[in-house]
Student: 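This is the structure, below, for whatever I ask next.
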There are 2 protein chains.
Amino acid sequence: MQKIKNMSEESLNKTGGLDTEEKIKEAARTIFHQKGYAATRTRDIAEAAGVNLALLNYYFRSKEKLFNIIMSETLGRFMEKIRLIFNDPGSTLEEKIGMITSQYIDLLIDEPEIPLFIISEVRTNPELLLEKLPIRDLIFRTIFYKQFQQAVAERRIDAIHPIHYLMNMIGLIIMPALAKPILQSAFHMNGDAYKELMENRKQLIPRWLYTIHLNSNQSDNEK
Amino acid sequence: MQKIKNMSEESLNKTGGLDTEEKIKEAARTIFHQKGYAATRTRDIAEAAGVNLALLNYYFRSKEKLFNIIMSETLGRFMEKIRLIFNDPGSTLEEKIGMITSQYIDLLIDEPEIPLFIISEVRTNPELLLEKLPIRDLIFRTIFYKQFQQAVAERRIDAIHPIHYLMNMIGLIIMPALAKPILQSAFHMNGDAYKELMENRKQLIPRWLYTIHLNSNQSDNEK
DNA sequence: GTCTATAGGGGGATAGAC
DNA sequence: GTCTATCCCCCTATAGAC
């Protein structure tokens with residue numbers, strides 16, 4: 001299986017369309033996402049990539065280094081969406097919520113394993129987050145945050161901690177992805193039903209969020 | 001492996017107040033909950049229990065058998081609350097929601113690892129659920145479910161699938177527990193702040209759920 | 001760059017003394 | 001029932017031929 005990379009055009013191998021390093025990363029991403037770091041065996045990654053185990057260490061030195069690369073990329077890909085939308089100057093608060101919901105639900109239809117992967121691995125290894133991402137800034141120093149604060153002020157709604165708003169938004173979006181194995185196992189829900197459920201929530205979640213956090217008629221301050 | 005517990009006096013060992021089998025289970029529960037099956041080493045369980053590794057296999061035959069016992073007990077403990085409340089004939093729908101929220105939040109203040117533990121391990125091993133628990137019946141053949149259907153009918157609210165209601169309820173409750181490692185790492189939130197956040201949600205979540213699912217003034221049917 | 005073969009070590013499980 | 005010592009497999013990582 002020699003690797004004649006025809007550099008004149010591209011560095012892509014005919015087998016799978018990717019060069020070896022990329023094939024290994026692709027396989028690693030899939031398996032790490034599904035099973036987590038501890039339960040993943042490098043042998044399985046190599047086999048899924050269609051290469052020999054030794055190549056994995058040739059390209060990435062160790063399982064842990066390979067994992068860190070995958071984790072960085074996944075975290076980055078996941079957070080980049082938020083960052084872009086939260087800082088978009090051309091959209092209203094409501095539009096931002098709609099974009100976040102819609103884009104993340106699309107992502108979670110394709111890759112429902114990502115939230116559980118991130119949550120699990122951050123638990124065992126909390127430094128993963130701090131090292132890489134300035135999450136506080138990414139949330140509290142954004143146009144989104146200013147717009148939200150302004151909306152709350154205009155409506156004279158008693159302030160509950162904004163962390164509730166963020167957690168509810170993220171929670172409502174990712175919950176079906178987290179629950180997918182349980183939905184499949186307990187309710188025999190198949191892929192199409194899951195997808196339909198997710199598509200429904202594209203409309204529902206923004207309305208829910210608006211209703212519970214930004215509706216001054218029955219806001220949080222009524223005791 | 002006979003287990004004659006001498007009840008006349010006590011079956012308790014002086015060291016720690018529990019007999020050996022119980023000490024091992026206690027240690028196993030803690031570590032399995034924190035790290036999951038794959039990342040847990042039997043040596044660590046034995047050490048945490050203050051006994052020798054060989055005893056673990058003497059009492060439980062294997063890591064896997066020990067794990068299954070822990071998983072069964074944790075799942076049972078988790079689901080039993082729902083079952084009792086959902087079938088309580090003496091409480092209204094609103095009261096049931098309040099009880100669920102309050103009791104589970106108390107549980108998650110003490111043991112925030114449980115949701116992630118269950119979700120993670122069910123993913124790798126979906127049979128765990130089906131074998132043990134009749135979840136469908138546990139949800140759809142309950143007094144709670146009848147009361148919910150009735151409330152929706154009375155208010156003439158367009159029906160969205162009740163799975164949304166359940167997922168939102170569970171999601172809003174467990175979300176902070178799932179996010180705890182991230183909240184600690186990214187926001188330096190300590191145990192007290194987490195507890196206060198959770199206590200706040202005891203009041204907030206029932207109101208939110210009522211507002212988005214049972215308020216006919218601005219229900220889901222407005223387009 | 002890619003392979004085969006193997007070193008090296010960790011972790012689950014057991015034998016056997018007490 | 002509890003311990004020490006040990007087995008043995010499996011998994012990561014590397015050496016070395018091609």
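Each chain gets a letter, A, B and so on, in the order its sequence line appears, and its residues count up from 1.
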Student: Does B/T20 place a side-chain N or O at less than 4.0 Å from the phosphate oxygens OP1/OP2 of D/dT2?
Tutor: yes
Student: Under a 3.5 Å threshold, yes or no: a donor from one side chain and an acceptor from the other, between B/S91 and B/K96?
Tutor: yes
Student: Rounding to a whole Å, what distance do you find between B/N57:CG and C/dG12:C1'?
Tutor: 7 Å
Student: Can you tell me the distance, in whole Å, between the CG atom of B/L55 and the P atom of D/dC3?
Tutor: 5 Å
Student: Select one nucleotide: of C/dT14, D/dT6, C/dC3, the one nearest the side-chain heavy atoms of B/R43.
Tutor: D/dT6
Student: Over how many whole Å does the gap from B/E21 atom CD to D/dG1 atom P extend?
Tutor: 9 Å
Student: Please work out which of the three classes, parallel, tilted or perpendicular, describes the rings of A/H213 and A/F148, given edges at 30° and 60°.
Tutor: perpendicular
Student: With a non-hydrogen cut-off below 4.0 angstrom, is A/R41 in contact with a base, only sugar-phosphate, or nothing?
Tutor: sugar-phosphate
Student: Determine, for A/E80 against A/R77, whether the closest basic-nitrogen to carboxylate-oxygen distance falls under 4.0 angstrom.
Tutor: no
Student: I need the CG-P distance between B/N52 and D/dT2, as an integer number of Å.
Tutor: 11 Å
Student: Please determine if B/D44 and B/R41 form a salt bridge, counting it only when a charged side-chain N lies under 4.0 Å from a carboxylate O.
Tutor: yes
Student: How is A/L56 classified with respect to the nucleic acid when contacts are heavy atoms under 4.0 Å: base, sugar-phosphate, or nothing?
Tutor: nothing
Student: Would you kindly give the OH-to-C1' distance between B/Y58 and D/dA5, to the nearest whole Å?
Tutor: 19 Å
Student: Identify which nucleotide among D/dC3, D/dA13, C/dC3 has an atom closest to any side-chain atom of A/S62, counting heavy atoms from C-beta outward.
Tutor: D/dA13
Student: To the nearest angstrom, how far is A/L53 atom CG from D/dA15 atom P?
Tutor: 14 Å
Student: Quick one: is A/Y59 getting a side-chain N or O under 4.0 Å of the C/dT2 phosphate, OP1 or OP2?
Tutor: yes
Student: Find the distance B/I24:CD1 to D/dT2:C1' and express it as a whole number of Å.
Tutor: 10 Å
Student: Would you say the side chains of A/N87 and A/R141 form a donor-acceptor pair under 3.5 Å?
Tutor: no
Student: Whole Å only: how far is the CZ atom of A/R61 from the P atom of D/dT14?
Tutor: 6 Å
